[in-house]
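See structure below.
Numbered from 1 within each chain, the chains take letters A, B, ... in sequence-line order.
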Amino acid sequence: MDKDELRSIKFVREIYGFENIKDYVLANASEKESNPFKVLKASDGSVSFILLEPNIVDEAYNPVLDQESELILKMKNKEDIQIYGIVVIPNNIKEMTINLRSPIIINRENGNAIQLILQDERYSVRHRIFDC
Amino acid sequence: MLVISRKSGESILIGDDIEVIIIESQNGKVKIGVNAKNSIKILRKEIIDQVTAENLKASANTDNQSIESLGTLLKKEEDK
């Protein structure tokens with residue numbers, strides 16, 4: 001995604017707890033190019049999430065996408081897939097966590113997205129971003 | 001809700017394609033095997049509750065002011 005680019009996202013399997021919201025806009029969180037955070041904001045403005053690419057915190061992160069998910073994303077090429085983790089920012093930002101167990105999967109080609117719960121129990125719902 | 005008693009090694013069928021087998025039951029813990037097509041999603045129910053709770057927390061604090069400093073913080077961490 002280019003800097004400042006806004007991208008319309010349609011959740012074909014909704015974010016858990018937000019089943020009534022399907023349409024979002026994805027944008028860079030900061031004007032600074034070095035800032036990797038993204039903002040996923042509901043088109044109606046009712047809610048927003050901060051996202052981060054999981055590979056930034058776990059280089060080996062490689063979730064398996066099941067066939068059913070590929071189908072509902074209408075995925076044609078594996079290269080079209082963009083993966084993000086939802087970030088929780090507590091008051092003490094050093095305790096910030098990313099959800100690696102249920103990533104947001106976006107098909108860049110058509111803007112379809114899902115939140116996928118992985119069966120792989122190695123991945124945590126609350127993965128600490130900072131070691132200390 | 002349908003309630004069925006089963007012994008270890010016995011199973012039930014849900015529809016034509018899903019078999020639930022009681023493998024062993026000990027000290028209040030039941031080990032269950034499920035035979036189903038790969039496309040059938042099988043999850044512990046708690047995980048869905050956990051994910052929902054995290055999503056709610058994540059949506060509660062997305063103050064953009066902190067994002068600038070977060071980017072800097074993350075950069076520092078990577079440079080270590």
Side-chain angles (χ1 to χ4, degrees), chain A residues 13-19 21 27-42 46-52 56-57 66-71 85-91 93-94 96-99 101-104 115-119 121 124-127 129-132, chain B residues 11-80:
Chain A
R13 189 196 290 145
E14 300 85 1
I15 297 176
Y16 288 85
F18 297 88
E19 282 77 7
I21 308 173
N28 290 326
S30 164
E31 285 175 7
K32 285 190 201 132
E33 228 163 310
S34 61
N35 192 320
F37 289 94
K38 308 279 180 200
V39 177
L40 181 69
K41 190 173 183 183
S46 60
V47 67
S48 59
F49 298 93
I50 305 294
L51 308 182
L52 195 61
I56 292 174
V57 296
D66 59 290
Q67 270 186 347
E68 166 99 22
S69 296
E70 289 180 1
L71 217 69
I86 298 182
V87 174
V88 173
I89 307 167
N91 287 333
I93 57 174
K94 282 275 178 187
M96 181 166 63
T97 60
I98 179 169
N99 183 345
R101 185 69 187 276
S102 37
I104 300 294
Q115 184 172 29
L116 177 66
I117 297 186
L118 302 172
Q119 304 217 0
E121 301 197 348
S124 168
V125 173
R126 279 183 292 274
H127 179 95
I129 292 180
F130 301 112
D131 301 330
C132 49
Chain B
S11 65
I12 62 164
L13 287 168
I14 301 172
D16 294 328
D17 299 326
I18 304 171
E19 183 184 18
V20 179
I21 310 156
I22 307 305
I23 294 170
E24 132 189 330
S25 167
Q26 227 172 37
N27 307 327
K29 225 178 184 179
V30 184
K31 209 176 256 181
I32 296 169
V34 183
N35 274 325
K37 276 191 277 184
N38 275 343
S39 59
I40 301 286
K41 204 184 200 57
I42 301 157
L43 294 166
R44 290 190 171 88
K45 195 184 170 198
E46 310 90 89
I47 187 73
I48 293 173
D49 299 336
Q50 279 174 31
V51 169
T52 304
E54 286 305 297
N55 287 346
L56 287 171
K57 263 197 274 173
S59 68
N61 193 359
T62 58
D63 177 11
N64 273 20
Q65 281 175 328
S66 58
I67 296 297
E68 295 288 343
S69 55
L70 279 178
T72 322
L73 201 64
L74 200 64
K75 193 91 201 9
K76 272 189 215 143
E77 190 78 5
E78 277 173 4
D79 290 345
K80 265 191 209 163

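- Between B:I47 and A:I117 the shortest heavy-atom distance is CG1-CG2, 3.9 Å.
- Atom CD of A:E19 sits in a crowded spot, with more than 12 heavy atoms from other residues, nucleotides or ligands closer than 6.0 Å.
- Looking only at side-chain heavy atoms (C-beta outward), A:I129 and A:I56 stay at 4.5 Å or farther from each other.
- Using a 4.5 Å heavy-atom cut-off against chain A, the contacting residues of residues 48-57 of chain B are B:I48, B:Q50, B:V51, B:T52, B:E54, B:N55, B:L56, B:K57.
- In summary, of the residues considered (A:N28, A:L51, A:L52), a side chain to side chain contact (heavy atoms under 4.5 Å, CB included) with A:P36 occurs for A:L52 alone.
- Residue A:V125 touches chain B through both its backbone and its side chain, counting heavy-atom pairs closer than 4.5 Å.
- Distance alone, capped at 3.5 Å, places no donor-acceptor pair between the A:E14 side chain and the A:I21 backbone.
- Contacts between A:I15 and chain B at a heavy-atom distance below 4.5 Å involve backbone atoms as well as side-chain atoms.
- Ranked by heavy-atom pairs shorter than 4.5 Å toward chain B, the options A:N91, A:V47, A:V88 are led by A:V88.
- Chain B forms more heavy-atom pairs under 4.5 Å with one residue of A:E68, A:Q119, A:Q67 than with any other, namely A:Q119.
- Between B:N35 atom CG and B:I42 atom CD1 the span is 9.0 Å, to the nearest 0.5 Å.
- When side chains are defined from C-beta on, A:R101 counts as touching A:E121, because their heavy atoms get closer than 4.5 Å.
- When all heavy atoms are compared, the tightest approach of B:I32 to B:I23 is C-CD1, 4.0 Å.
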